[in-house]
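Working notes for the structure below.
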Amino acid sequence: MRYFPHKIEKKWQKIWLKMEIYEPDIKKTKKPFYNLMMFPYPSAEGLHVGNMYAFTGADIYGRFMRMRGRDVFEPIGLDGFGIHSENFAMKIGRHPADQAKISEKNFYRQLEALGNGFAWCERLETYNPEYYKWTQWIFVQMFKRGLAYRKKQAVNWCPNCKTVLADEQVIQKSEIRNPKSETNSKFEIPAGGEARSGRQNSKQKITIGVCERCDTPVIKKELEQWFFKITDYAERLLGNLAKLDWSERVKIAQKNWIGKSEGALIKFPISNFQFPIKDLDFVFIHGYKGDSRDIFWPWFRKEIERRGAKVFAPDLPNSDAPNINEQVQYVLKQHSFSEKTVIVTHSLGGVVAMKLLPLLHDKIERLLLVAPPLRTEFLDGKKRPALEDACDWKFNFNEIKKHARNISVLADTEDHVVSLDQLVEIAGQLNARLRKTVASAPHFREIVEPEIVNELFPEIEIFTTRPDTLFGATYLVLSPEYEEISNFQFPISNRGEVDEYIKNTKAKTEEERISEGREKTGVELKGIKVINPVNGEEIPVWVADYVLGGVGMGAIMAVPAHDERDFEFAKKHDLPIKTVVESFYIQKEEPGVYRENESIVPRDGIITIIKHWSEDKYIGLKWKKVAWGTFLTGGIEKGQTAEQAGVAEILEETGYLHPKFIRELGITHGLFYHVPKKENRLVHAHILYFELQDGARTEISEKEQEIHDIKWLTLKELKSFLTPATHTYALDLFREGIKVYTGGGILCNSGEFNGMDSEKAKLEITKFVCGERKIQYRLRDWLISRQRYWGPPIPMIFCESCKKSLENSKFSKGELENPGWTAVPEKDLPVKLPYVKNFRPTGTDKSPLATVKKFYKVRCPKCKSWARRETDVSDTFLDSAWYYLRYPSVKMQNSKIKMQNENSKSKNIEIPWNSEITKKWTPVNMYIGGAEHSVLHLLYSRFLAMAFKDWGLTHFEEPFTKFRAHGLLIKDGTKMSKSRGNVVNPDEYIRAYGADALRMYLMFLGPFEQGGDFRDDGIRGITRFLERAYKLISNFQNPISKQIPNSKSQIQKILHQTIKKVTEDIENLQYNTAISALMILLNKFEENPSAVTKEHVSIFLRLLAPVAPFITEELWSMFPTNYKLQATSVHKNKWPEYDPKLIQEDTFELVVQINGKVRDKFEAPIDVSEDNATRLTLGRERVKSIVGTLKPRRIIFVPKRLINIVI
RNA sequence: GGGCGAGUGGCGGAAUGGUUUACGCGCACGACUCAAAAUCGUGUGGUCGAAAGGCCGUGUGGGUUCGAAUCCCACCUCGCCCACCA
């Protein structure tokens, strides 16, 4: 009989579907196994062979588990929403909704043809309103619990796709360009650097960010959008990783993406006055019914005096029934005002100050008005007649302005006396900076009001992972996005230049910004300085785009000596570089490993690099009593300089007479065990460089000669010659001229912290400057909004009138944090995506839905006034972040559970799945998918799973117990992808060879987790295999009675070895070697077909069944019925087990090695003893002829493998 | 620049301290055929040799070991992911 794959495959597809053999009993199962694969997005012409590769690999595992007795659930669906699908629809000029229906049919047809054991009854499509209703429901829950919020952010904008892209949808592309100029600074050409000259390429490799779909360079645009607070879960997402049985590379990728770093927040006070604080003269003016010992005044006085300045704080006359003029005169009489005066007022004191200033001769330094009134109207409605008569309440703002260099107004947004309007008006009139804040007590009546000090002495807070280098911070850098730059009324003297710089960087496209080759541009904020809190030094502040707004505090302390970026910047802008950490190595490799239990002897010393007088060679010392290779070393005696010590050591240990000192390269510390001297040494070593003038030399003492030999070595030779880490460091310093030491070590130039280990100093210095230890994550919040059409509308409504009446306390957390926004009530879901003819991106900041009035004009669900619906749709990743939860419940009734709602009342609400079923089937047992989703899809799914658990919706917080990433399919040397146009459609291959052949071929290409190289040849080999198997088995006539298998026959042994191999390989997803084992077995069958029994065939078919489901099912069905089978379908049968006894061999081929080379082999009993093996081996002619009369020096015998004779 | 991974015949790959190249493709020769395809059989790392057999051989250089594709160090090349993360 001939093998016709199509007939067979069509036939079984139908039968399987009818018999529902891949539909587990969802409700009753006792041994559930959820075998999930990433569902495809039906974007292009159809499924491609890359999808099939993934599905086949996952299906084999599922089929294997089914045969091992599990009820396997292997669902499939379509991730049909999203930009991929929309773009494809656009390309072919069809509406996405119409295209979806066409794609759906095509995809399901193709998926059926693959031969996967899909549970067809539980399909789902993300664009189906029944599904996205629940995607929207999840959004609503996120919002109510404060996990969804709106924020304005500069986002990636693709000018071609006309939409916002998430960071991860922007691909960095390399390009080779000619640099505009010689930008590479050439400081510190290392003395030995000639060897590496010519390394600077004339061309420079740069990268630009492009859209992942259309390759257009991405630009930045500011939009207000929805975000999910995934950062709240950063620690859990990171911590749980250790528990997961996932591909290691995926775990590492997630770890890096979350990017935890530990450091400190440190405040740098700004000294923004013309005069040092101690020269200033402060005047406090209290308010109505107050005095200088009232409320915050005493505390405030201490704060000022602590900073060294003088304070004048009069108690104003008649505070209870004030006459402002009288008070002004009183103050004027008591105090003389100058350009160094700073006036701080509270409440009515502000009126006194405003009346007082026009009377002065001089201009004062600063006026700070804390909550000053402008009129006698008060928020609490109380009448204060005494105040109405206190003065005329008319102010000459121009005169006030003229008499103060700097004016600011401090407002409490929760003030219940003075209204904000008045403060706004004052600030406006005075052209003053208005700072709104929340006071400790309303109207700043608490005894401690830190905002006042903050306003007077503003600080810049930075995040650093290296607080140990604080002494080396020689300037601060703010990101261009740093808000305070524009808000501050700092006396920035070059404000125009600064604003210009900020404007330019913000306007720059990503392309422009990077094409400048990472050159460190920036502008100093002239006129202000900050104080380094660790040593009181004033350092400058810069704004530069190498500091990113979204990272940390958007501000850094720059330590050019120990950070490469800061170093580049400092060099370019001529800023000081101060070394504060010296390298430190603890010897960890023998010889000379530091011995913890022995005492440590500190020593000052030198490491001396000595160059030959004519050749490019250097002195290395080969030690005689210990396996050391070093440079010349020695101690520094009292009164000696390092240089002198060097000269002396050179003479003493080498005898060379004319060394010339070139320079000192640096300092390093080493802790090691000095083997000859038998003690731990802690050396503080100067690294010196000498060149010999000539070869003139005297004899050296015998004692010295006994210690070591002198060797002349090239730099390359030195690299492998030197043993101690400190000396290797010295060599690197010499060769590379390490400019910036970024490692840890021992502190120097750091005052009282000198000599401290940098790890310890991180804590100590943070404590010393009252910094806050802080953990920082690289992970950003999840940007949900897409200004597109083809996605689930975000179920939110914005209402102006609700925004105004926020405080009425009936609002959820999300509503309070996002004024005016409210969620569409659950009962109104889904918000259906309307059929919009013109679905193309508008090219504005808005989704096409924003043009559909019928869609966006709605009544507010809270107050019923007219409101506006959100018109953006959500990210596709949200659709796919929870689909695994929906599959098992597709045909089930959703559960209603008690959930706390926004008012923390419990009520029964419907959730998107059936709880009982979910408990049974989730988390997913095995998940297989592409490594390209290592980070985003998997991280988002984990995030939602954690949130669901927290809300009491599910019982697990990790959705995928086991995850394996498959490799990539390569075609023509590059990965198979639509954009490269090298995709292969499986249809034509299935037509030509059958699905079984294609499945098997794909799996045979290489290890499943590593991917494979797809080429047309090669599939022939698989076809041959299937045809041979078909021929052999379909012609199989062996009557069962006659064949009582010889239990120890050769074929029996190979059969059981194959069972073992295939079982283990499938467990490990190593399908390629499983297939090869089956090929070997078939070859054996063919060698002696008459020895093949039904049992053999039955096992062979079951082993092959997961890989080639159709042909095995067909052959199984052809089997003579008198042979009892457990079930009608091979796929429902039991997986064979091997008999360990049958695998055992009686003999083995003993390999004979002589000196490690194979010289002979012979058959020996499996349990041959070493003595016997030796005797047998030495008795062999071949061995005798080589060994001759020599006595073997050593014999190594490895049981069951080999014997090695060493002569 | 950082992280991860890989480098073995003409090709895909196998072997994770013990016979390098399993299995498959390709190629060569042979059988069948008038012939071809298909199929079946034999052979197939390089080199020297008539042969027996020798030597070389897992990116390069070093090391550990009786023995290294495999472990360690340095370097080179390629792939994937990330990238001014303070």
Side-chain angles (χ1 to χ4, degrees), chain A residues 167-168 172 205 207 209 247-253 255-257 259-261 263 462-466 469 477 479 513-514 518 520 544-548 550-559 563-566 568-569 589 716-717 719-720 776-780 931-932 934-935 965 967-968 970 973-975 1001 1004-1007 1009-1022 1024-1025 1027-1028 1031 1070 1072-1080 1083 1086 1149-1161 1182 1185 1192-1198 1200-1207:
Chain A
D167 278 347
E168 48 277 10
Q172 297 301 320
K205 200 175 164 190
T207 56
S247 306
E248 204 53 33
R249 56 183 164 142
V250 174
K251 292 210 251 181
I252 291 167
K255 192 177 161 210
N256 291 342
W257 190 262
K260 182 177 180 172
S261 57
I462 58 99
F463 174 74
T464 178
T465 54
R466 293 295 305 270
T469 61
V477 188
S479 65
R513 212 156 145 172
I514 297 166
R518 301 216 161 167
K520 300 275 183 292
D545 65 3
Y546 83 92
V547 173
L548 308 176
V551 179
M553 306 298 288
I556 61 154
M557 67 180 204
V559 185
D563 181 283
E564 290 180 32
R565 294 151 303 179
D566 298 341
E568 270 177 57
F569 190 81
E589 271 175 50
K716 220 179 161 183
E717 287 163 343
K719 183 107 200 161
S720 46
Q776 182 84 21
Y777 299 92
R778 204 192 74 109
L779 182 70
R780 304 299 158 72
E932 69 272 21
S934 297
V935 173
L968 285 176
I970 306 286
T974 46
K975 85 172 176 195
Y1001 171 60
F1004 189 58
L1005 289 173
E1009 290 180 81
Q1010 269 170 48
D1013 192 344
F1014 188 91
R1015 44 187 72 212
D1016 294 7
D1017 46 19
I1019 197 166
R1020 286 290 316 140
I1022 299 292
R1024 269 177 216 152
F1025 170 82
E1027 279 167 357
R1028 276 161 48 207
K1031 205 164 110 193
Q1070 282 155 355
N1072 56 333
T1073 47
I1075 291 168
S1076 113
L1078 287 166
M1079 286 172 165
I1080 294 169
N1083 289 347
E1086 285 179 331
E1149 195 178 41
L1150 180 69
V1151 172
V1152 179
Q1153 291 186 345
I1154 293 169
N1155 286 345
K1157 286 195 172 161
V1158 179
R1159 294 301 178 190
D1160 198 7
K1161 13 184 141 161
R1182 175 103 181 92
S1185 75
R1193 282 196 292 153
R1194 202 177 154 186
I1195 291 173
I1196 290 114
F1197 175 69
V1198 183
K1200 293 187 205 173
R1201 281 201 194 272
L1202 57 69
I1203 186 161
N1204 188 10
I1205 296 169
V1206 187
I1207 51 173

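When reading the values below, keep in mind they use all heavy atoms of this one structure, side chains included, and skip hydrogens, waters and symmetry mates. Chain identifiers are assigned alphabetically (A, B, ...) following the order of the sequence lines, protein sequences preceding nucleic acid strands; residue numbering begins at 1 within each chain.
Going from the P atom of B:G1 to that of B:U19 covers 39 Å, rounded to whole Å. A distance of about 49 Å separates the P atoms of B:A50 and B:G5, rounded to the whole Å. Rounded to a whole angstrom, the distance from the P atom of B:C11 to that of B:U47 is 15 Å. Nucleotides B:A68 and B:C55 place their P atoms 15 Å apart, quoted to the nearest Å. To the nearest whole angstrom, the two P atoms, one in B:U8 and one in B:A69, are 14 Å apart. For the P atom pair drawn from B:G18 and B:C29, the interatomic distance equals 39 Å after rounding to whole Å. Of the C1' atoms belonging to B:G43 and B:C25, the separation is 16 Å, rounded to the nearest Å. With C1' as the reference atom, B:U44 and B:A38 are 23 Å apart, rounded to whole Å.
Proximity note for A:R1201 (side chain, C-beta onward) versus B:G13, B:A86, B:G18: the nearest is B:G18. Of the candidates B:A86, B:G18, B:A14, B:A86 carries the atom nearest the A:F463 side chain, counting heavy atoms from C-beta on. Closest to the side chain of A:S1076, from the set B:C23, B:C82, B:A86, is B:C23. Here the side chain of A:R565 is nearest to one of B:U19, B:C84, B:A83, namely B:C84. Distance from the side chain of A:W257 is smallest for B:A83 among the nucleotides B:C40, B:A83, B:C84. For A:R249, taking side-chain heavy atoms from C-beta onward, the closest of the listed nucleotides B:U19, B:G18, B:C4 is B:C4. Considering only side-chain atoms of A:V1198, the nucleotide from B:C66, B:A86, B:G18 that sits closest is B:G18. Distances were taken from every side-chain heavy atom of A:D545 (C-beta onward) to each of B:G13, B:C84, B:G18; the shortest belongs to B:C84.
Closest approach of A:G1012 and A:L1005 over heavy atoms only: CA-CB, 4.1 Å. Pairing each heavy atom of A:R778 with each of A:N256, the nearest pair is NE-O, 3.5 Å. Across A:M557 and A:R466, no two heavy atoms sit closer than the pair CE-O, 3.4 Å. Listed here is the closest heavy atom pair of A:V547 and A:G554: CG1-O, 3.8 Å. In terms of heavy atoms, A:V1151 sits closest to A:K1161 at CA-CB, 4.2 Å.
Figure legend. B:G26 is base-paired to B:U44; pairs are counted as Watson-Crick or G-U wobble with both atom distances under 3.5 Å. For B:A37, there is no paired nucleotide, since no Watson-Crick or G-U wobble pair has both relevant distances below 3.5 Å. Both distances falling under 3.5 Å, in either a Watson-Crick or a G-U wobble arrangement, place B:A6 opposite B:U77. Nucleotide B:A69 is matched to nothing when pairs are restricted to Watson-Crick or G-U wobble geometry with both distances under 3.5 angstrom. With a cut-off of 3.5 Å on both pairing distances, B:U16 has no Watson-Crick or G-U wobble partner at all.
Looking at A:S934 and A:R249, their side chains never come closer than 4.5 Å, going by heavy atoms from C-beta outward. In this structure the side chain of A:I1154 reaches within 4.5 angstrom of the side chain of A:I1207, judged on heavy atoms. For the pair A:I1075 and A:Y1001, the minimum side-chain heavy-atom distance is 4.5 Å or more.
At the heavy-atom level, A:N256 lies under 4.0 Å from the strands shown only through sugar-phosphate atoms. Here A:N1083 lies in heavy-atom contact (under 4.0 Å) with sugar-phosphate atoms only. Heavy atoms of A:I1080 sit under 4.0 angstrom from primed sugar atoms or phosphate atoms, though from no base atom. The residue A:V1151 sits close to a base: some heavy atom pair falls under 4.0 Å. Among the heavy atoms of the strands, none lies under 4.0 Å from A:G259.
Rounded to whole Å, the distance from CD1 on A:I462 to C1' on B:C85 is 14 Å. Summarising the geometry, the separation between CD on A:E564 and P on B:A83 is reported as 19 Å, rounded to the nearest angstrom. If you measure from atom CD1 of A:I252 to atom C1' of B:C80, you get 13 Å, rounded to the nearest angstrom. Atom-to-atom, CG of A:D563 to P of B:A86 comes out at 9 Å; the value is rounded to the nearest Å. At whole-Å resolution of the value, CG in A:L968 and P in B:C80 are 8 Å apart. For A:Q776 and B:A86, the CD to P distance is 8 Å, given to the nearest whole Å. The separation between A:Y1001 atom OH and B:G13 atom P is 10 Å, rounded to whole Å. With rounding to whole Å, A:L779 atom CG is found 14 Å from B:C82 atom P.
A donor-acceptor pair shorter than 3.5 Å can be found between the side chains of A:N1083 and A:R1028.
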Where protein sits on nucleotides 46-59 of chain B, one letter per nucleotide: B base, S sugar-phosphate only, - none, heavy atoms under 4.0 Å: -------SSSS---
Summary of protein contacts for nucleotides 7-12 of chain B, nucleotide by nucleotide, where a base hit scores B, a sugar-phosphate-only hit scores S (4.0 Å, heavy atoms): ----SB
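Tested against A:F1197, the residues A:L1150, A:L1202, A:N1204 include a single side-chain contact (heavy atoms from CB on, under 4.5 Å) partner, A:L1150.
For A:Y777 and A:V1206, each mapped to the nucleotide of RNA chain B holding its nearest heavy atom, the one lying further toward the 5' end belongs to A:V1206.
Here CG of A:L968 is found 12.0 Å from CG of A:D1013. Values are rounded to the nearest 0.5 Å. A:I1022 CD1 to A:F1004 CZ: the interatomic distance, rounded to the nearest 0.5 Å, is 5.5 Å.
For A:Q1153 against B:G18, a side-chain N or O and a base N or O form a donor-acceptor pair under 3.5 Å. Between the side chain of A:R780 and the base of B:C85, a donor-acceptor pair under 3.5 Å is found.
Taking the ring centre of A:F569 as origin, the terminal cationic atom of A:K520 falls outside the region bounded by 6.0 Å and 45° from the ring axis.
For the OP1/OP2 pair of B:G24 and a distance below 4.0 Å, the side-chain nitrogens and oxygens of A:R1020 include no atom meeting the criterion.
Taking the O4'-C1'-N9-C4 or O4'-C1'-N1-C2 dihedral as appropriate, B:G10 has a value more than 90° from 0 and is therefore anti.
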